[in-house]
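Remember, it's a predicted structure, so these values are computed and weren't measured experimentally. Each chain gets a letter, A, B and so on, in the order its sequence line appears, and its residues count up from 1.
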6 protein chains.
Amino acid sequence: MKRTGDRLHNQLRPVRITRNFTKNAAGSVFMETGETRVLCTASIDDRVPFHLRGKNRGWVTGEYSMLPGSTIERSSREAARGRQGGRTQEIQRLIGRSLRSCIDLEMLGERTIVIDCDVLQADGGTRCASITGGFVALADAVNVLLKKREIFDNPIRNHVAAVSVGIINDELCLDLNYAEDSIAQTDMNFVMNESACFIEVQGTAEKDDFSQDQLIAMSELAKAGTVSLIDAQIKALQQ
Amino acid sequence: MKRTGDRLHNQLRPVRITRNFTKNAAGSVFMETGETRVLCTASIDDRVPFHLRGKNRGWVTGEYSMLPGSTIERSSREAARGRQGGRTQEIQRLIGRSLRSCIDLEMLGERTIVIDCDVLQADGGTRCASITGGFVALADAVNVLLKKREIFDNPIRNHVAAVSVGIINDELCLDLNYAEDSIAQTDMNFVMNESACFIEVQGTAEKDDFSQDQLIAMSELAKAGTVSLIDAQIKALQQ
Amino acid sequence: MKRTGDRLHNQLRPVRITRNFTKNAAGSVFMETGETRVLCTASIDDRVPFHLRGKNRGWVTGEYSMLPGSTIERSSREAARGRQGGRTQEIQRLIGRSLRSCIDLEMLGERTIVIDCDVLQADGGTRCASITGGFVALADAVNVLLKKREIFDNPIRNHVAAVSVGIINDELCLDLNYAEDSIAQTDMNFVMNESACFIEVQGTAEKDDFSQDQLIAMSELAKAGTVSLIDAQIKALQQ
Amino acid sequence: MKRTGDRLHNQLRPVRITRNFTKNAAGSVFMETGETRVLCTASIDDRVPFHLRGKNRGWVTGEYSMLPGSTIERSSREAARGRQGGRTQEIQRLIGRSLRSCIDLEMLGERTIVIDCDVLQADGGTRCASITGGFVALADAVNVLLKKREIFDNPIRNHVAAVSVGIINDELCLDLNYAEDSIAQTDMNFVMNESACFIEVQGTAEKDDFSQDQLIAMSELAKAGTVSLIDAQIKALQQ
Amino acid sequence: MKRTGDRLHNQLRPVRITRNFTKNAAGSVFMETGETRVLCTASIDDRVPFHLRGKNRGWVTGEYSMLPGSTIERSSREAARGRQGGRTQEIQRLIGRSLRSCIDLEMLGERTIVIDCDVLQADGGTRCASITGGFVALADAVNVLLKKREIFDNPIRNHVAAVSVGIINDELCLDLNYAEDSIAQTDMNFVMNESACFIEVQGTAEKDDFSQDQLIAMSELAKAGTVSLIDAQIKALQQ
Amino acid sequence: MKRTGDRLHNQLRPVRITRNFTKNAAGSVFMETGETRVLCTASIDDRVPFHLRGKNRGWVTGEYSMLPGSTIERSSREAARGRQGGRTQEIQRLIGRSLRSCIDLEMLGERTIVIDCDVLQADGGTRCASITGGFVALADAVNVLLKKREIFDNPIRNHVAAVSVGIINDELCLDLNYAEDSIAQTDMNFVMNESACFIEVQGTAEKDDFSQDQLIAMSELAKAGTVSLIDAQIKALQQ
């Protein structure tokens with residue numbers, strides 16, 4: 001199988017992480033992986049969800065949306081339909097769990113950071129880009145809290161990044177774009193941290209089942225991919 | 001009253017219109033007026049709303065949303081709340097009426113063009129930026145139809161652009177930013193075409209009523225403002 | 001153009017304002033302008049919306065509905081559809097803003113007056129009739145508060161009334177009925193107070209744009225119309 | 001127990017049935033029983049619900065609403081809350097079943113008549129007034145169909161009317177007003193036809209159970225009451 | 001008319017009441033009447049609805065649902081449709097009123113018992129089975145409160161049970177199954193207590209009106225039926 | 001770590017699969033794993049979702065719900081709240097994908113089989129029990145189609161079953177119950193087929209990340225567990 005632009009099977013698409021893309025949110029990151037573009041903003045709210053009140057713990061949550069014009073065939077607007085679809089809710093829950101895994105919620109204090117991931121242009125891997133870019137937005141929001149001296153120690157314990165791996169014609173490929181994703185027989189998403197350990201693993205045999213050997217090989221590819229993504233996060237945060 | 005950056009009372013904020021900002025929609029315009037930034041995409045759908053079927057006429061409609069992170073205090077996501085608020089619906093209806101005024105729906109043929117206006121950064125005047133930028137996205141979508149030879153004559157009859165005018169401390173000001181809008185005693189939005197005629201006029205006495213003389217003076221300011229905006233549209237479309 | 005019943009272009013339809021039409025609400029006004037009939041009731045609630053609590057200010061809000069049988073083709077019931085349409089919300093917001101403009105909310109004290117405008121028979125101009133009749137219902141509710149000595153000074157500062165003006169075959173007409181409204185090229189609604197100043201101006205070029213001269217001429221007609229409507233309000237309140 | 005205005009325990013409140021109260025609906029009846037006032041309109045729709053299509057049968061359905069200002073304490077608007085409450089739905093279903101019992105749906109032909117019952121002033125017995133007044137509106141809509149020669153034989157087979165009976169301090173009372181209803185230990189609604197037979201019987205022991213003897217005695221009272229109501233319907237329809 | 005299994009017109013279907021069917025709820029009763037099977041669970045909540053707070057009274061409420069697979073043609077899931085239908089709400093309200101009639105809410109103390117009635121297999125009479133089985137679940141939940149010494153006196157004053165009676169081919173039948181219910185000309189539901197008095201009576205002439213004599217005869221059948229059902233409840237509670 | 005009832009770390013809870021638990025659905029399976037009890041019914045619908053019409057392919061979908069009384073603290077009813085939560089939708093999508101993987105949709109023909117999984121008693125692993133039991137219900141529904149000669153060849157290609165694996169105090173455990181699940185640091189669900197290949201893999205590091213070695217070891221445990229579950233399915237289907 002030949003990939004677009006002669007990309008190797010274990011090669012990520014070009015990654016660009018632009019911080020401070022907009023000015024009103026505490027963190028605002030324009031995350032690009034290949035042609036996929038997601039605006040990840042982080043907003044700080046002084047309150048926590050009802051069931052966490054008075055427990056001296058914070059909360060991190062994620063919301064996700066595809067702009068109607070982000071896809072080749074226009075996606076209908078969920079606000080107009082009056083409900084978020086199952087896919088959206090699944091991705092939101094994934095983003096929230098992934099980003100909570102990298103932060104000490106007690107050190108964060110009784111406040112919520114909401115990571116909004118709005119897809120401006122979709123070309124596969126939007127949930128992974130949301131997590132990878134959302135981490136940087138979260139880090140920037142935490143920096144705001146530190147600068148304002150609302151907290152004194154950095155509660156972030158770990159970088160977290162996500163990447164997809166798929167099987168196409170029995171070949172493994174890292175970081176599928178939309179065209180590849182459409183024909184993949186298996187599609188997995190891996191969320192990993194800087195210790196190369198797993199936070200979330202989600203695999204679906206879209207067209208054909210997969211073996212344990214393939215599971216292991218996919219996790220190997222994911223490991224390499226997230227290491228590069230975490231490098232990109234670190235560089236972006238140093239600028 | 002001194003305006004930010006020594007702006008004159010009859011001076012627009014800097015306008016930037018970037019076409020082809022994203023690649024999947026037929027038209028995609030990044031519209032900036034000062035610090036307000038709206039992504040306007042135009043998507044073509046081969047169907048028309050139910051009540052228009054079989055009438056050989058097309059339809060143009062608008063949808064509007066503020067991304068949660070676009071405001072200083074995060075705006076809650078309407079899809080999560082399960083309904084679009086009254087302000088959103090009012091703006092959507094305004095965008096749709098304004099853009100339909102500039103196009104011959106019979107020449108468009110039995111298809112719908114949806115203009116999605118998603119506010120990435122809000123600093124006042126988002127509905128006006130949506131209309132002004134939405135027009136360019138609409139023009140680009142029409143160009144796609146012409147290029148694909150799905151239509152043979154350009155159905156666009158007129159440029160359309162919108163601007164706000166307000167009264168602050170009894171002084172008239174063109175194109176209010178958020179800080180100005182918050183203290184304005186009256187706030188009006190004008191949608192005009194290239195003949196300097198009115199498509200929509202909406203004025204609200206937020207704090208104090210206004211006289212007929214003020215109404216006339218505001219409409220003068222709006223006329224000058226929309227002429228400049230239409231110039232900017234023309235330049236952008238020539239690139 | 002000949003109007004129904006030889007009405008002049010600057011002539012209102014007959015206005016009848018019946019107070020105390022029903023007995024349970026604090027104010028209850030049956031507002032008739034020609035064949036348009038709206039029941040406007042005012043109800044007093046001791047609470048204010050959440051964001052106003054503890055600020056020693058009151059609130060006035062409006063709700064609007066067309067009874068299903070009020071139109072020639074039955075309008076579907078919004079409660080059954082599960083959501084209020086955009087037009088309804090737009091009108092409700094207009095009624096609320098208009099009526100708040102005429103009352104000192106601090107003098108009203110921490111309570112809410114809700115003006116419910118339910119259209120029993122629709123023949124054009126229902127939003128204007130709602131505002132004009134709603135003002136009288138509001139005045140009656142305030143009278144109840146004064147009589148019960150819950151407030152000691154009348155917080156109403158100004159009468160407020162509303163009227164539509166349209167352009168039909170390039171002729172200006174005051175107070176359009178449904179048949180006229182359907183063919184108007186431009187339709188404007190003006191909300192004015194007893195100082196002949198504007199509270200709200202909303203104009204839409206339904207079929208053709210309009211010039212500044214037409215805008216001025218329409219506002220002239222509206223001024224004359226609202227003066228008559230305020231007269232009718234005053235007479236009704238004296239009975 | 002002394003009733004308001006020396007009403008006897010088996011005496012109805014004054015009944016007034018005003019036809020053609022509004023002009024746009026096919027039938028429009030202003031139904032007053034004592035201080036309870038309901039506007040019942042009948043609208044004809046050429047379609048039937050999906051599951052009845054192509055079966056050469058018509059449909060009659062009812063919708064019910066209390067205007068927010070109809071009660072002493074304002075009732076919140078169901079359209080604003082986004083759903084009809086259980087009580088509303090229960091009453092709507094009752095109105096629909098009751099009115100379908102009096103008409104031959106095959107003779108009606110493939111069309112729907114919707115009876116809208118909107119309570120303008122509530123003082124007990126609104127569901128009964130809706131059925132009694134709704135019948136007259138239905139009859140008027142049928143008359144419209146006959147006059148337009150869309151049907152040739154009258155499909156109405158039977159008058160139908162409804163009345164409440166209650167037990168207060170162990171005494172039976174016909175046609176409870178709101179004050180009586182609030183203290184009744186049992187509250188029953190009877191829908192009957194001109195053969196003095198039952199269409200619907202709904203009884204609830206609000207505070208105390210009731211015996212079979214009481215059930216029989218209540219049905220006797222209801223019989224007498226509905227006979228009078230049907231008389232009033234006949235007189236109204238003859239005018 | 002011959003009934004399934006040679007059942008007499010005044011004969012109940014076989015009744016089986018299985019307590020402790022599941023382990024997590026305070027009361028859990030598997031109620032079978034013929035082929036109708038309803039799982040009735042009772043859950044205790046330490047809070048009461050908002051409007052009852054601080055009044056030292058408890059609350060009992062019912063919820064009802066048919067599992068999608070409980071009917072021959074699958075019933076769509078109300079949670080997926082996003083709203084409970086009118087029939088469901090009507091039945092829920094009936095269950096709640098019926099079960100509140102048998103308990104002293106002040107003795108229950110400020111807590112809520114929710115009776116959930118989920119129909120696993122539907123063969124007519126599901127609302128009656130819900131009430132009859134729901135009573136036993138309620139009694140078990142009260143027993144839990146007594147055992148835990150959260151209350152000291154049993155607040156249950158009365159058994160309550162429910163049964164349907166119908167008229168088929170002018171013959172009266174007790175406890176209709178689904179096939180009988182489908183052809184019944186009249187269908188009534190009676191909720192009675194151990195004093196053979198009525199709590200709720202709901203009768204509908206589905207196809208033909210019914211006379212007072214038939215009403216009386218139906219109530220006689222119901223009396224006999226509920227006596228047997230209450231016997232079954234007593235036996236079940238003694239095991 | 002000691003497990004309830006001395007269960008070994010690689011030991012399933014007792015499995016009971018009862019077919020024909022209710023009579024109205026085409027397949028009806030009562031699935032018990034330990035104290036978790038799920039009723040899985042399969043209903044056949046002659047239609048397919050809109051986007052599949054006319055493609056000569058069938059569809060299999062899953063719905064999932066927890067009965068309110070199935071949990072120790074009552075779960076609120078999603079139909080009453082008016083929307084299905086994110087967790088429910090995620091599980092429904094998983095059930096649907098899993099069961100579609102085992103059947104040839106073209107051989108099924110243009111019809112839908114809906115698998116409803118309603119949890120009667122929850123003690124961990126309800127989504128896995130839904131899939132394992134849902135498969136048997138699906139097989140029974142297919143048998144109905146074969147018996148009725150609506151299809152002639154069995155479209156089921158593969159058994160499918162699901163099991164959870166967790167890490168508690170760094171020890172791996174198969175088939176977690178609720179108490180174990182609450183303290184697990186990692187929780188994975190594996191859906192596998194009779195070739196011991198993966199259909200779905202979903203792992204979440206609830207409290208601590210996990211290594212690749214742990215991922216491999218968990219997949220080993222899952223393999224052994226699903227082999228046993230598929231044995232139980234085969235035995236149940238032979239009875």
### Query
If you draw a 6.0 Å radius around CZ in E:R16, do more than 12 non-hydrogen atoms from other residues or ligands fall strictly inside?
yes
### Task
May I ask you to name which of E:I72, E:T71, E:N24 has the most heavy-atom pairs under 4.5 Å with chain F?
E:N24
### Task
Would you mind telling me which of E:E78, E:R83, E:R77, E:R81 has the largest number of heavy-atom pairs within less than 4.5 Å of chain F?
E:R77
#### Entry: Portion of E:T88 that has a non-hydrogen atom of chain F nearer than 4.5 angstrom
neither
### Message
Heavy-atom cut-off 4.5 Å, strictly under: side chain, backbone, both or neither for E:T22 against chain F?
### Response
both
### Summary
In terms of heavy-atom contacts, F:Q84 and E:A79 come closest through CG-O, 3.5 Å
### Task
Side chain from CB out, backbone as N, CA, C, O: work out which of these in E:Y64 comes under 4.5 Å of a heavy atom of chain F, or both, or neither.
backbone
### Query
Heavy-atom distance under 4.5 Å between the side chains of F:E63 and E:R74, does that happen here?
yes
## Note on the structure
So CZ of E:F21 and CZ of F:R37: to nearest 0.5 Å the spacing works out to 7.0 Å
### Summary
Under a 4.5 Å heavy-atom criterion, the part of residues 111-127 of chain E in contact with chain F comprises E:V114, E:D116, E:C117, E:D118, E:L120, E:Q121, E:A122, E:D123
### Query
Which of the residues F:S65, F:S70, F:A80, F:A25 is involved in the greatest number of heavy-atom pairs with chain E at under 4.5 angstrom?
F:A80
### Query
With side chains defined as the heavy atoms from C-beta onward, is the minimum distance between E:L39 and F:L67 less than 4.5 Å?
yes
### Query
Got more than 12 heavy atoms from elsewhere within 6.0 Å of NZ, F:K207?
yes
### Message
Tell me if the CG atom of E:D104 is crowded by more than 12 foreign heavy atoms within 6.0 Å.
### Response
yes
### Query
Does NZ in E:K23 sit with more than 12 non-hydrogen atoms of other residues, nucleotides or ligands closer than 6.0 Å?
yes
### Message
Only pairs of heavy atoms separated by less than 4.5 Å count here; which of F:G69, F:A26, F:S28 has the most with chain E?
### Response
F:G69
### Query
When heavy-atom pairs shorter than 4.5 Å are enumerated against chain E, which of F:C40, F:G27, F:A137, F:G82 gives the highest number?
F:G82
